[in-house]
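Scroll down for the structure; my scribbles are underneath it.
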Amino acid sequence: MRALDIITKKRDQQTLSKEEIHFLIDGYTRHQIPDYQMAAWAMAVQLNGMNHEEITDLTLAMANSGEILDLSSFDSVIVDKHSTGGVGDKTTISVAPMVAACGLYVGKMSGRGLGYSGGTIDKLESIPGFKVALSTDQFITQLQKIGIVLAGQSLDLAPADGKLYALRDATGTVPSIPLIASSIMSKKIAAGADAIVLDVKVGKGAFMKDIDSARELAEVMVEIGKLSNRRVIALLSAMDQPLGNAVGNALELVEAVKMLKGEAPADYYEHCISIAAYMLLIANKANNLKNARQLVEATVKDGSAFNKLCELTEAQHGDTSCLIDLSKLPKASYVETILAPQTGYISELNAQIIGEACVVLGGGRAKKEDNIDPSVGIILHAKIGDRVEEGQKLLDVHYNRPQVIQDAIDKLKLAVKIDELPVEPPPHNLGVIGL
Ligand code: URA
């Protein structure tokens with residue numbers, strides 16, 4: 001078998017066999033197939049697609065390229081969630097403790113932010129001392145002991161995805177449904193969870209810009225889940241505007257912690273309750289969605305979810321006093337406020353542009369190896385559909401480097417549109433697949 005023949009086959013829109021896909025992924029993982037051939041193949045997939053069988057074969061080949069966590073010794077279901085990525089999406093930090101406080105094991109590996117899209121691991125690292133690099137043994141021991149782990153992606157799990165994702169990022173082959181679906185699901189399968197809730201984002205700040213492609217991605221991932229004996233459902237949720245009011249690592253952490261104290265913006269509160277309730281439902285911890293919602297809401301009201309976050313933080317060497325006194329988290333030196341230039345209704349708060357402005361401030365990475373500033377970011381004072389008066393506060397920009405503030409403000413002004421006529425707040429939940 002030769003990589004060249006597999007590349008030309010996909011270029012000519014033919015279907016690849018399981019053996020061919022395995023040969024390619026195995027050879028790439030073992031450095032026997034060079035980046036330039038893998039990049040050519042990824043572009044052929046980007047342009048010509050793959051059928052469901054090819055995508056499943058690709059997913060399993062990537063999952064099997066490294067270690068697969070064996071969590072079969074646990075006495076109950078292990079549940080996981082995954083978001084396809086967006087702006088202001090700090091859901092995991094609120095939802096994982098809520099679900100763990102309901103008595104389920106939540107063992108989750110999360111990613112860092114890349115480009116305008118944020119990452120849970122960067123947000124958690126705003127807590128001084130919080131350690132995200134755990135060995136497999138530490139991951140399993142902590143999960144057994146306290147029922148919750150939020151760790152960075154282990155290099156031993158699905159290493160083929162790690163290599164391929166970096167290559168895709170540099171070759172214009174990220175927005176391909178087969179490549180995204182196999183990338184996400186290979187990591188989920190390798191991380192060992194029995195039940196997974198996927199949060200597929202749709203809109204200006206998401207990989208999937210329209211509902212049809214988001215639905216297709218969700219359906220493919222649910223299908224892969226079935227074929228690999230995992231319980232998987234996918235929620236489709238809006239990402240035209242940021243989720244909640246905070247964008248930027250420490251600012252988002254504050255919002256995620258406040259959620260556990262019952263003080264969250266309405267869209268973020270509803271999103272967290274909904275994701276957590278579906279996690280309970282697919283893990284058979286509740287017999288219907290209403291009951292599941294009551295159970296997760298109770299963990300906010302009685303403080304058990306917040307206590308679980310403190311337990312998690314302590315186990316991972318973070319300073320829990322910062323969760324009790326949020327003013328101890330990293331803070332930017334300056335805040336510049338953008339005011340509404342006219343009276344009217346907010347009709348656009350472009351999530352991608354707001355995410356890019358956060359990168360300009362230093363809160364995200366242009367390249368994988370860049371350092372980030374946890375304290376910078378943006379607070380939204382109004383959301384789509386809200387009425388604003390001329391001169392009213394629209395956005396607060398938290399920054400440290402005066403030389404970048406004008407660039408960020410210029411961008412942010414382009415992100416906001418105000419109409420004279422009333423605008424309906426857009427729906428957030430756009431459907432559920434795989435129930
Ligand atoms: N998230 C992933 O893990 N992989 C992708 O390809 C896209 C989003």
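Excluded from the calculations below are hydrogen atoms, water molecules and symmetry mates; all remaining heavy atoms, backbone and side chain alike, are included. Each ligand, and each atom within it, is numbered from 1 in the order the structure gives.
- A salt bridge (charged side-chain N to carboxylate O under 4.0 Å, His left out) with R365 is found for one member of D122, D373, D169 and no other, namely D122.
- In this structure, atom 3 (O) of ligand 1 lies nearest to the protein heavy atom K187 NZ, 2.5 Å.
- Ligand 1 places these atoms under 4.0 Å from at least one heavy atom of F207: 7 (C), 8 (C).
- Remark: minimum distance from atom 1 (N) of ligand 1 to any protein heavy atom is reached at I184 CG1, 3.8 Å.
- Geometrically, ligand 1 and H82 share no nitrogen or oxygen pair separated by less than 3.5 Å.
- Between the side chain of D199 and the backbone N or O of H82, no donor-acceptor pair lies under 3.5 Å.
- Taking all atoms of both residues into account, the shortest heavy-atom contact from L349 to A382 is CD1-O, 3.3 Å.
- Electrostatic pairing of K308 and E311 counts as a salt bridge here, judged by a charged N lying under 4.0 Å from a carboxylate O.
- Nearest approach of Q138 to A133, heavy atoms of both residues: OE1-O, 4.2 Å.
- Of all protein heavy atoms, the one lying nearest to atom 4 (N) of ligand 1 is S183 OG, 2.6 Å.
- Interface atoms of ligand 1 facing Y165, defined by a heavy-atom separation under 4.0 Å, are 4 (N), 5 (C), 6 (O), 7 (C).
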